[in-house]
Asker: 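Sending over a structure as structure tokens; questions will come in a sec.
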There are 2 protein chains.
Amino acid sequence: MIWVKGESLGKGELVGMTQTEPLLAHTSNCVYCAARPLGVCGALGDGEAFRELRDSRRAVRILDAGLPIYRQGDPSGDLFNLVTGWVVQYQDLEDGRRQILRFLVPGALFGYEPTGVKGMCHGAEALTNASLCVVPAARMTELRHRHPAFNERFVWMLERDSHLAFDHMMSLGQRDARERVAHLLLELAVRSTGRLPAARGEVFKIPLNQPLIAEATGLTSIHVNRMLRKLREDDILDFHHGRLTVFDPERLVELAGVSEAMLALWSRASQPMDEALSA
Amino acid sequence: MIWVKGESLGKGELVGMTQTEPLLAHTSNCVYCAARPLGVCGALGDGEAFRELRDSRRAVRILDAGLPIYRQGDPSGDLFNLVTGWVVQYQDLEDGRRQILRFLVPGALFGYEPTGVKGMCHGAEALTNASLCVVPAARMTELRHRHPAFNERFVWMLERDSHLAFDHMMSLGQRDARERVAHLLLELAVRSTGRLPAARGEVFKIPLNQPLIAEATGLTSIHVNRMLRKLREDDILDFHHGRLTVFDPERLVELAGVSEAMLALWSRASQPMDEALSA
DNA sequence: CGCAGTTTTGAAAATCTTCAATCTTGGTGG
DNA sequence: CCACCAAGATTGAAGATTTTCAAAACTGCG
């Protein structure tokens with residue numbers, strides 16, 4: 001197994017792969033995601049195309065928390081499939097303001113840009129220790145052409161991401177600070193575990209701090225702090241040091257203003273059936 | 001030619017089509033978009049697949065300004081290709097708050113939902129008199145399968161829309177009120193004409209009023225009014241009654257904080273080459 | 001000319017940010 | 001085991017931005 005320091009990509013380590021080599025997990029496991037089988041996974045299904053895709057990976061990257069995966073402006077060309085850990089995608093303005101576009105959990109495919117755009121319009125970095133498969137964009141396109149069911153899965157994923165973005169626009173534009181924070185935490189709890197909080201006092205591991213919540217919600221971290229206190233005083237939830245405790249699931253869902261459809265998209269209940277992908 | 005009142009769809013008129021019938025334009029033309037050849041157009045290209053698509057249209061709908069195309073919660077199943085006029089897509093919260101997700105100009109394809117989601121997660125209505133082609137979603141999927149280049153065009157469009165959404169998230173989360181208003185007006189000017197304002201005093205027709213700008217930017221219409229006044233006092237632009245006059249193109253672009261890449265996506269400079277679609 | 005939709009203005013109140021500290025927490029090394 | 005450090009969390013007070021409420025003026029169209 002060949003290890004290469006990914007110079008231009010920060011200190012992440014690049015692992016050369018052959019088809020038969022097992023994927024190397026990060027030595028210190030990510031506590032924020034349950035153990036999953038390593039390899040290309042998640043949104044892309046597990047049919048014939050999935051196996052081809054797995055064998056197409058150019059490399060596997062193992063990253064420490066905080067390391068960049070790519071930066072805004074970097075040349076595009078590779079897609080990434082997140083295997084373990086969390087990733088954040090953000091966009092910067094010239095003057096330093098930063099908006100977090102979304103948080104990714106294991107299974108996500110990311111790093112695509114519309115053809116014709118020269119460089120990446122946004123950046124991505126590991127939020128926790130993470131491992132991801134690198135697949136050349138051209139290879140992904142070719143795979144989509146040869147496997148219609150895989151192509152549909154890809155299109156479904158783009159459409160779902162578009163809905164997640166719409167939902168974030170609702171938050172940023174219409175919800176007040178308290179609702180935005182509640183909404184974000186609920187979303188991440190559901191997306192990372194695949195289900196709604198049910199029991200009072202249920203705990204979720206979410207690898208954020210207050211400045212990150214602030215960058216995602218368009219607030220200052222000071223104000224996020226006050227909203228978290230209010231949510232605690234209102235007996236709805238408590239969040240600190242990466243631990244979300246949900247005191248009142250019902251009021252949280254109500255406050256976050258989440259629709260049934262959105263809940264389904266978060267909890268993958270609506271993902272296309274996997275048998276469709278074996279074709 | 002058969003005219004059918006689209007009862008459940010508001011007062012829009014539904015025009016039954018055969019392959020050879022010409023499309024009927026709205027009697028009162030939309031002043032906000034230049035005359036274009038009628039028929040399926042725009043983002044979907046003009047190759048072989050385009051011709052098949054044109055012949056696949058289930059109907060053509062001619063709508064007066066203000067009429068709904070579909071409402072949040074309506075069953076999904078049809079896609080729409082906007083031929084003439086402007087359309088707005090929005091999402092409502094239970095308590096009546098509304099966020100405008102995006103404005104569509106001729107050529108847009110809209111109305112898709114991730115498979116598995118039962119009803120529409122958002123609504124759409126005509127902003128001006130408009131005409132659009134109705135294409136069954138299943139037909140679109142089938143066309144994508146048979147025409148790889150068409151499929152790529154579709155994927156490109158989804159990826160571009162995702163970038164537009166990211167850009168709006170930047171606005172809603174990071175830009176202040178004045179920047180948001182400036183950014184929105186510039187975006188619509190560029191997207192509707194395909195080019196940047198160049199000359200001082202150039203005029204663009206944009207069919208919005210202050211409440212609509214407010215719903216798109218997450219502000220109150222009162223505050224939008226004040227920001228428009230400030231932009232006028234700062235000698236950057238003037239907007240009222242659907243007329244945008246750009247006094248200082250350079251400062252407007254600067255204020256809006258638009259990247260080169262975004263400008264390219266707005267002005268379709270980066271659209272995949274059409275010859276790729278003739279395959 | 002009059003009406004409806006749109007734009008404009010003022011003043012007070014709420015929300016959110018800024019600035020400037022202080023306090024906690026978890027991890028490190030002695 | 002404890003002292004210490006750095007990152008993260010918390011607080012107060014002042015100030016800026018944005019909203020709310022209430023009303024008036026303007027515009028284009030019939």
Side-chain angles (χ1 to χ4, degrees), chain A residues 28 31-32 64-66 88 95-99 127-129 171-182 184-185 205-234 237-245 255, chain B residues 28 31-32 64-67 88 95-99 125 127-129 171-182 184-185 205-234 237-245 255:
Chain A
S28 145
V31 298
Y32 293 99
D64 282 333
V88 58
D95 59 11
R97 284 177 285 182
R98 167 171 296 191
Q99 175 68 39
L127 213 50
T128 64
N129 289 346
S171 272
L172 293 166
Q174 302 299 320
R175 297 194 241 259
D176 65 24
R178 183 158 143 274
E179 293 172 319
R180 284 188 223 179
V181 172
L184 176 65
L185 291 175
K205 296 228 160 204
I206 297 179
L208 304 187
N209 54 26
Q210 294 178 359
L212 282 166
I213 296 177
E215 289 179 339
T217 53
L219 303 166
T220 59
S221 62
I222 289 93
H223 203 55
V224 167
N225 180 281
R226 297 193 167 114
M227 296 304 103
L228 285 174
R229 175 172 54 177
K230 191 169 287 191
L231 289 166
R232 193 182 325 125
E233 287 168 357
D234 291 348
L237 61 80
D238 178 55
F239 178 82
H240 54 227
H241 295 103
R243 281 172 57 92
L244 168 69
T245 309
L255 176 64
Chain B
S28 145
V31 297
Y32 294 98
D64 282 332
L67 290 179
V88 58
D95 59 11
R97 283 176 286 182
R98 166 170 297 192
Q99 174 67 40
E125 58 185 58
L127 213 50
T128 63
N129 290 346
S171 271
L172 293 166
Q174 301 300 320
R175 295 193 240 260
D176 66 23
R178 183 158 142 275
E179 293 171 320
R180 285 188 223 179
V181 173
L184 177 65
L185 291 175
K205 296 228 159 204
I206 297 180
L208 305 186
N209 55 26
Q210 295 178 0
L212 282 166
I213 295 175
E215 288 180 339
T217 53
L219 303 165
T220 59
S221 63
I222 289 91
H223 203 56
V224 167
N225 179 279
R226 295 190 170 118
M227 295 304 102
L228 285 174
R229 176 172 51 178
K230 189 169 291 194
L231 288 166
R232 193 182 323 125
E233 288 168 357
D234 291 347
L237 60 80
D238 177 56
F239 178 82
H240 54 228
H241 294 105
R243 281 172 58 94
L244 168 68
T245 309
L255 177 64

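First the proteins, then the strands, lettered A, B, ... as listed; each starts at 1.
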Asker: Does any residue of residues 222-234 of chain B have a heavy atom under 4.0 Å from DNA chain D, and if so, which ones, in number order?
Answerer: Ile222(B), His223(B), Arg226(B)
Asker: I need the minimum non-hydrogen distance between Arg98(A) and Gln174(B), along with the two atoms involved.
Answerer: O-NE2, 3.0 Å
Asker: Output the distance between atom OG1 (Thr128(A)) and atom CG (Leu208(A)), rounded to the nearest 0.5 Å.
Answerer: 10.5 Å
Asker: For Gly218(B), which contact category applies under a 4.0 Å heavy-atom criterion: base, sugar-phosphate, or nothing?
Answerer: sugar-phosphate
Asker: Quick one: CZ on Arg232(A) to NE2 on His240(A), what's the gap to the nearest 0.5 Å?
Answerer: 7.5 Å
Asker: Rounding to a whole Å, what distance do you find between Gln210(A):CD and dT25(C):C1'?
Answerer: 13 Å
Asker: Output the rounded distance in Å from NE2 (His241(B)) to C1' (dT8(C)).
Answerer: 11 Å
Asker: Would you say Asp234(B) and Arg178(B) make side-chain contact, with heavy atoms under 4.5 Å?
Answerer: yes
Asker: Could you check if a side-chain atom of Asn225(A) sits within less than 4.5 angstrom of a side-chain atom of Ile222(A), using non-hydrogen atoms only?
Answerer: no
Asker: I'd like to check Phe239(B) versus Ile213(B) (side-chain heavy atoms, cut-off strictly below 4.5 Å). Are they in contact?
Answerer: yes
Asker: Look up atom CD in Gln99(B) and atom OG1 in Thr217(B), then write down how far apart they are to the nearest 0.5 Å.
Answerer: 8.0 Å
Asker: Quick check for you: to the nearest 0.5 Å, what is the distance between Leu219(A) atom CG and Leu172(A) atom CG?
Answerer: 8.5 Å
Asker: Rounded at 0.5 Å granularity, tell me how far CD in Gln210(A) sits from CD in Glu215(A).
Answerer: 13.0 Å
Asker: For DNA chain C, which residues in residues 173-181 of chain A have a heavy atom at a distance below 4.0 Å?
Answerer: Asp176(A), Ala177(A)
Asker: Check every nucleotide of DNA chain D for an atom under 4.0 Å from a heavy-atom of chain B, then give the first and the last such nucleotide from 5' to 3'.
Answerer: dT18(D) to dT27(D)
Asker: Kindly determine whether Val224(A) and Met227(A) satisfy side-chain contact (heavy atoms from CB on, under 4.5 Å), including the steps that lead there.
Answerer: CA-CA 5 Å; Val224(A) 167; Met227(A) 296 304 103; 5.7 Å; no
